[in-house]
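Working notes, beginning with the structure itself.
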Amino acid sequence: MATMEQKPAGVQAGAKTKVFKNFIGGEWVESRTGRTFENLNPADTREVVGIFQKSGKEDVDHAIETAKQAFKKWRLVPAPRRAEMLYKASELLIARKEEYARDMTREMGKVIKETRGDVQEAIDCGYYTAGEGRRLFGPTVPSELPNKFAMAIRQPLGVCAMITPWNFPMAIPSWKLFPALVAGNTAVIKPAQDTPLSTLNFVKTLHDAGIPAGVVNIVTGFGSDIGTPMVEHPAVRAVSLTGSTAVGRIVGQEAAKTFKHCSLELGGKNPMIVLDDANLDLALEGALWGAFGTTGQRCTATSRIIIQKGVYKKFVDELVVRAKKLKVGNGLDESVDMGPAVNSSQMETDLKYIKIGEDEGAKMLCGGHRLEGEGYNHGWFVAPTVFADVDPKMRIAQEEIFGPVVSIIPCDGLENAIEIANDIEYGLSSSIYTKDVNKAFTAMRDLYAGITYINAPTIGAEVHLPFGGTKATGNGHREGGIGAIDFYTEWKSVYVDYSDKLQRAQIDRPE
Ligand code: UN1
């Protein structure tokens with residue numbers, strides 16, 4: 001973990017190491033706990049990226065109270081004006097893209113091309129959501145009664161609590177903050193302890209774009225120290241979490257006690273189906289990107305590849321050749337394909353599952369170990385790992401690993417492939433490679449997941465379409481696009497009777 005707990009003995013933050021503070025009520029403030037933690041570079045833990053506040057309940061309460069006060073004015077700012085600030089934030093992010101991408105690679109490890117993509121996703125989300133400021137549509141409908149007007153308008157909820165993960169430390173906060181803000185809500189965000197800098201950079205940009213003091217507040221620190229008081233606080237009206245299914249279950253139950261709206265975006269075990277008629281080269285390229293992009297640390301990562309028997313051997317052989325060629329290293333090096341695991345505990349999880357796969361009898365064809373030697377000794381690097389002949393019931397085919405480990409499962413054909421794909425706890429993303437339009441449409445209909453790609457891997461969602469999944473991947477909400485606006489608003493139906501007399505709905509029926 002990129003925190004002081006995992007700091008190798010002897011590593012000290014230098015006198016020049018920057019100290020970052022919480023941002024509450026428009027000011028950078030120290031935690032009331034008086035404690036801090038170090039954020040280490042997972043590619044080289046000798047580098048301290050920064051020192052951050054290790055906040056507690058008092059800081060959370062302060063931030064939520066501040067957001068509650070700020071809501072009184074912010075909800076009354078016209079939505080198109082709020083939207084202009086989001087647009088400005090996107091413009092600022094463009095100017096700061098390279099700087100923020102480098103910060104992100106240093107604290108999170110993914111390669112610089114991908115961290116540029118992460119900032120770009122926030123930019124895209126800002127532009128898209130700014131457009132919503134002039135829409136926020138609601139229906140206007142005819143009334144059953146004469147001289148009566150009927151419509152439904154969207155209202156903001158109030159203070160929103162956001163708990164965000166380390167794998168997309170700017171994009172995912174943007175998916176939550178932008179729609180919440182355009183709709184007139186205020187927010188307190190808790191970034192993952194491994195990646196506070198990227199989320200601080202994002203919040204700073206919102207402030208620089210003119211979002212008033214108190215509207216967005218950020219409190220850094222460790223898991224439940226902050227998460228629990230956020231979810232329990234009575235002034236919070238909505239909770240949005242992206243994280244593991246285990247944490248989601250707890251947050252969902254806690255939020256229900258005070259009837260908070262709650263959006264959970266959780267785990268995945270995403271299948272890619274490759275049929276005999278597929279463009280094999282394209283499928284291989286997609287598999288490599290889907291499985292090992294972001295070191296497999298996406299909830300949308302391609303973690304199962306289900307291959308029809310006719311092309312099975314050819315596909316597997318070639319995938320292994322290509323996986324072995326991937327250059328693993330420090331993501332700041334432009335020639336590197338794959339960075340480290342985000343922290344030691346994620347690396348341990350990867351290695352634990354590799355051992356499980358071997359014990360279960362799957363055939364490990366490459367990788368399977370921690371990388372050592374020049375450039376690797378101070379980081380959490382795991383070699384890209386391919387398991388073949390995996391039985392769909394094995395744990396490596398059922399459980400989310402969140403690392404560079406892919407399970408290859410043979411299948412007989414489309415029907416069998418879909419059965420295997422769906423026979424899983426999760427339902428986030430899915431994909432199929434085929435040139436047969438009939439098979440593609442059948443898969444579009446029958447894969448039970450929130451996202452299906454045709455002839456592309458399971459990663460790569462765009463911000464203006466709904467993002468989220470079925471079953472244990474969430475609780476039915478969607479981020480992205482209009483789904484996010486739906487979550488951060490609630491409906492009020494408004495009836496205006498201009499008849500100047502009592503008209504009783506359902507009783508006074510006009511001729
Ligand atoms: C995630 O894995 O948590 O679709 C988010 C994608 C990215 C977002 C992934 N745009 O892969």
Side-chain angles (χ1 to χ4, degrees), residues 93 101 104 108-111 113-129 162-179 189 191-192 194-195 198-199 202 240-248 263-272 285-304 338-339 341-342 346 400-406 426-431 447 449-470 472-474 477-481 483-484:
L93 286 175
M104 199 185 295
M108 189 269 167
K110 65 183 173 181
V111 299
K113 275 193 196 70
E114 292 191 36
T115 52
R116 287 181 191 127
D118 196 310
V119 180
Q120 186 60 45
E121 197 159 339
I123 294 166
D124 297 342
C125 188
Y127 282 143
Y128 166 75
T129 314
M162 299 165 180
I163 303 174
T164 54
W166 45 259
N167 65 339
F168 278 82
M170 191 173 289
I172 290 179
S174 84
W175 297 358
K176 300 186 194 300
L177 279 169
F178 280 139
I189 186 165
D194 290 301
T195 54
S198 298
T199 314
F202 183 58
S240 178
L241 164 82
T242 300
S244 68
T245 294
V247 172
S263 167
L264 305 172
E265 204 281 285
L266 312 172
K269 190 75 184 174
N270 313 289
M272 170 195 283
E285 218 183 343
L288 213 64
W289 170 228
F292 302 121
T294 327
T295 319
Q297 300 173 128
R298 293 195 192 207
C299 31
T300 51
T302 305
S303 45
R304 296 183 291 154
M338 194 182 99
V342 73
Q346 183 58 56
E400 185 176 49
I401 301 174
F402 228 64
V405 182
V406 67
Y426 303 107
L428 181 51
S429 190
S430 56
S431 105
L447 284 168
I451 307 171
T452 294
Y453 292 88
I454 310 296
N455 292 326
T458 57
I459 65 177
E462 301 176 26
V463 298
H464 48 303
L465 282 177
F467 183 94
T470 62
T473 291
H477 291 289
R478 293 291 184 267
E479 303 199 279

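It should be emphasised that the depicted structure is a prediction, and the values quoted were computed from it without experimental measurement. Atoms within a ligand are numbered from 1 in the order they appear, just like the ligands themselves. All heavy atoms count here, side chains included; hydrogens, waters and symmetry mates do not.
Within the 3.5 Å criterion, the main-chain N or O of Gly267 finds a donor-acceptor partner in the side chain of Thr473. A distance-only check finds a donor-acceptor pair linking the side chain of Glu400 to the backbone of Gly268 [under 3.5 Å]. Listed for the Thr245 side chain is no donor-acceptor partner under 3.5 Å among the backbone atoms of Leu266.
When non-hydrogen atoms are compared, ligand 1 lies under 4.0 Å from the side chain of Ile172 (C-beta onward) but not from its backbone.
For the residue pair Thr164/Thr242, the side-chain donor-acceptor check at 3.5 Å is not satisfied. If you check the side chains of Thr302 and Thr458, you find a donor sitting under 3.5 Å from an acceptor.
Protein heavy atom in closest approach to atom 7 (C) of ligand 1: Arg298 NH1, 3.6 Å. In terms of protein heavy-atom proximity, atom 9 (C) of ligand 1 is nearest to Phe168 CE1, 3.6 Å. Among protein heavy atoms, the minimum distance from atom 6 (C) of ligand 1 is reached at Gly460 N, 3.3 Å.
The shortest N/O to N/O separation between Glu121 and ligand 1 falls below 3.5 Å. For a threshold of 3.5 Å applied to N or O pairs, the pair formed by Cys299 and ligand 1 contains at least one separation below that value. Not a single N or O atom of Thr242, backbone or side chain, sits closer than 3.5 Å to an N or O atom of ligand 1. Ligand 1 has an N or O atom lying under 3.5 Å from an N or O atom of Thr300, backbone or side chain. At a 3.5 angstrom cut-off on N or O pairs, Phe467 does not count as close to ligand 1.
Between His464 and Tyr128, the two ring planes are tilted [angle within 30° to 60°].
Side-chain contact between Met170 and Ile123: absent, with no pair of heavy atoms (C-beta onward) separated by less than 4.5 Å.
Per-residue contacts place Ile459 under 4.0 angstrom from the following atoms of ligand 1 (heavy atoms of the residue considered): 11 (O). Shown in contact with Ala461 at under 4.0 Å from a heavy atom are these atoms of ligand 1, numbered in order with element: 4 (O), 6 (C), 10 (N).
Contacts of Glu265 classified as salt bridge (charged side-chain N to carboxylate O under 4.0 Å, His left out), with partners at least two apart in sequence or in another chain: none.
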